[in-house]
Number of protein chains: 2
Amino acid sequence: MMSKGLTKAPNGTAAKTRESMDPNQIYTRIFDAIVDHKLLPGTHLKEDELCDLFGVGRTRIRTALSRLSGDHVIELVANRGAFVARPSVEEAREVFRARRVIEGHLIRRAADMRDDAMHSALNDHLHTEDAARAAGDAARVIRRCGRYHQVLADQADSPIMARFVRELIARSSLIIAIYETGHHGDCEMDEHRQLSELVLQGKGEAAADLLDRHLTGIEDRLDLKPQGDPASDLRASLGFG
Amino acid sequence: MMSKGLTKAPNGTAAKTRESMDPNQIYTRIFDAIVDHKLLPGTHLKEDELCDLFGVGRTRIRTALSRLSGDHVIELVANRGAFVARPSVEEAREVFRARRVIEGHLIRRAADMRDDAMHSALNDHLHTEDAARAAGDAARVIRRCGRYHQVLADQADSPIMARFVRELIARSSLIIAIYETGHHGDCEMDEHRQLSELVLQGKGEAAADLLDRHLTGIEDRLDLKPQGDPASDLRASLGFG
DNA sequence: GTTAGCTAGATCGTATACAATCTTCGTATG
DNA sequence: CATACGAAGATTGTATACGATCTAGCTAAC
């Protein structure tokens with residue numbers, strides 16, 4: 001059952017659902033549920049089930065699933081259906097490498113462009129991140145941490161690369177769901193604050209360096225051992241390693 | 001009429017078409033037609049017309065169009081349909097900036113990883129590029145030039161970033177279609193050869209520098225003036241500038 | 001007891017029909 | 001003659017029904 005991950009309406013009433021949702025809204029709802037770890041990697045997203053939940057025909061569901069597949073947050077298997085993606089170790093490493101490359105460029109550029117609007121955007125977000133942490137809502141903290149990187153990427157006036165980063169952040173969330181070890185501090189809160197300060201002081205190189213270490217730190221806290229082929233993987237899983 | 005850009009079958013017979021094409025094949029055919037400048041920016045891709053051309057129902061066409069839209073090579077306008085994308089000047093500049101960032105990273109990495117397979121892949125492609133140029137087939141030269149960058153990106157064992165590059169190359173082709181000035185040499189052939197040599201010699205930094213200049217050169221050969229709002233743009237187009 | 005084959009159920013893939021929307025062209029009116 | 005209005009045609013958006021494919025569980029044979 002998936003009703004744990006996707007509720008019919010955000011406020012509890014089913015009113016919005018009756019009025020038929022756009023493919024866009026459906027897409028966003030599922031995307032967010034995946035990023036927020038409400039839908040876990042491997043989950044089978046059955047079309048009929050989603051039809052009931054959202055109160056629409058299969059056509060709209062399929063449109064939404066197609067877009068999600070384009071973002072690589074779900075995998076469309078022929079004649080089997082849609083599954084929440086399960087990034088491999090190799091994919092995981094490349095996602096973080098790509099983030100270092102692209103976000104690194106964007107943060108340098110943002111530092112060169114800093115203005116009042118950027119100041120507000122970055123600080124506003126830090127406040128919501130604080131609030132989430134204070135409330136002790138773990139799911140919200142995860143979401144806010146990811147969002148910080150998105151807000152940062154959005155400051156560089158580079159919508160194309162910001163979209164790439166959006167996909168990479170979503171996939172990072174899946175990666176964390178699969179490979180996280182006990183000791184988080186997924187995104188060290190303080191590092192986010194330092195990043196903002198460096199950007200707003202125009203210290204692009206320093207900001208890029210810190211961002212690189214920040215992302216590498218997240219990656220290092222994951223359990224990304226090279227995993228063997230399925231056969232030996234089975235042996236290892238059964239304790240014959 | 002669009003039959004100039006999309007022929008029913010590659011060899012002239014209509015046999016393949018009868019057997020019903022996959023959404024995948026349809027997607028690839030349209031994607032290639034756009035990259036090859038057989039379908040020009042702004043072209044309206046009508047669903048019924050495509051149904052006739054490919055001999056399938058609208059469902060498969062829509063699946064293909066949805067994927068193309070995800071690549072941003074076509075634009076899906078609500079209730080109006082699909083149009084070949086017309087990148088703005090701002091988008092054009094960001095596409096080349098993104099290419100410098102991402103391809104720059106990949107070429108450095110490729111240089112660090114060079115092996116026999118890479119040697120063959122790069123040289124094989126240069127030969128097909130030579131052949132196209134010798135045959136004097138302008139369309140094929142354009143296609144091969146774009147493909148070179150794709151082949152290069154594919155050498156860095158980074159499928160995610162290689163996919164980003166694939167989209168950027170396709171959009172570059174649209175940008176060239178719109179903004180090209182008379183004097184091409186779109187991709188200086190000799191620079192491709194030099195790039196391959198530097199990569200295969202493991203000179204990553206030098207290769208990255210040359211690639212940066214190469215891409216900047218292509219961008220500089222375009223007519224990317226800051227374009228005014230539609231109103232003044234019309235005045236300029238009619239010679240009242 | 002194990003394995004191969006088979007049947008029934010579930011799920012997705014596609015085509016088609018109908019509804020909603022937009023565009024265009026003709027018409028009437030100022 | 002120019003402009004606003006309206007109706008017809010064209011095009012896309014959606015739901016639904018049917019067919020294809022896969023999965024699971026059962027039965028039977030070895």
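All heavy atoms count here, side chains included; hydrogens, waters and symmetry mates do not. Note that the structure is a prediction, hence the values are computed from the model and not measured. A note on names: the letters A, B, ... follow the listed sequences, proteins ahead of strands, and every chain is numbered from 1.
- Atoms CZ (Arg60(B)) and P (dC12(C)) sit 18 Å apart, rounded to a whole Å.
- The side-chain heavy atoms of Leu168(B) and His149(B), taken from C-beta on, include no pair separated by under 4.5 Å.
- Within a 6.0 Å sphere centred on CZ of Arg147(B), other residues, nucleotides and ligands contribute 12 heavy atoms or fewer.
- Between Asp22(B) atom CG and dA20(D) atom P there is a gap of 16 Å when expressed in whole angstrom units.
- Regarding Ile61(B), its CD1 atom lies at a distance of 14 Å from the C1' atom of dT12(D), rounded to whole Å.
- By the neighbour-count criterion of 12 heavy atoms within 6.0 Å, atom CZ of Arg166(B) is densely surrounded, having more than that number from other residues, nucleotides or ligands.
- Taking atom CG of residue Leu76(B) and atom C1' of nucleotide dT12(D), one finds them 10 Å apart after rounding to whole Å.
- Ring geometry for His125(A) versus Tyr148(A): interplanar angle of 30 to 60°, hence tilted.
- Counting only heavy atoms from C-beta on, Pro23(B) has its side chain closest to dT14(C) among dA15(C), dT14(C), dG13(D).
- Using a 4.5 Å heavy-atom threshold, the side chains of His37(B) and Ile176(B) count as touching.
- Within the model, atoms OH of Tyr179(A) and NZ of Lys225(A) stand 11.5 Å from one another, a figure rounded to the nearest 0.5 Å.
- Separating the CZ atom of Arg58(A) from the P atom of dC12(C) is a distance of 7 Å, rounded to the nearest angstrom.
- Of the inter-residue distances, the one linking Leu224(B) atom CG with Ile175(B) atom CD1 reads 7.5 Å to the nearest 0.5 angstrom.
- The side-chain heavy atoms of Arg171(B) and Ile160(A), taken from C-beta on, include a pair separated by under 4.5 Å.
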Collect all protein-nucleotide pairs involving nucleotides 7-10 of chain C in which both atoms are nitrogen or oxygen and the distance is under 3.5 Å.
none

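- Nearest nucleotide to the side chain of His44(B), out of dT16(D), dT11(D), dA17(C): dT11(D).
- The nearest whole Å value for the distance from the CD atom in Gln25(B) to the P atom in dT14(C) is 12 Å.
- Contacts with DNA chain D (heavy atom under 4.0 Å) in residues 77-86 of chain A: Asn79(A), Arg80(A), listed by number.
- In the set dA15(D), dC12(C), dT12(D), dC12(C) carries the atom at the smallest distance from any side-chain atom of Glu47(A).
- Arg99(B) places a side-chain heavy atom less than 4.5 Å from the side chain of Ile169(B).
- Across dA15(D), dA17(C), dT11(C), the shortest atom-to-atom separation from the side chain of Val56(A) is found for dA15(D).
- Note: CG (Asn24(B)) to P (dT14(C)) measures 10 Å, nearest angstrom.
- The interatomic distance linking Met21(A) (CE) with dT14(D) (P) rounds to 13 Å, in whole Å.
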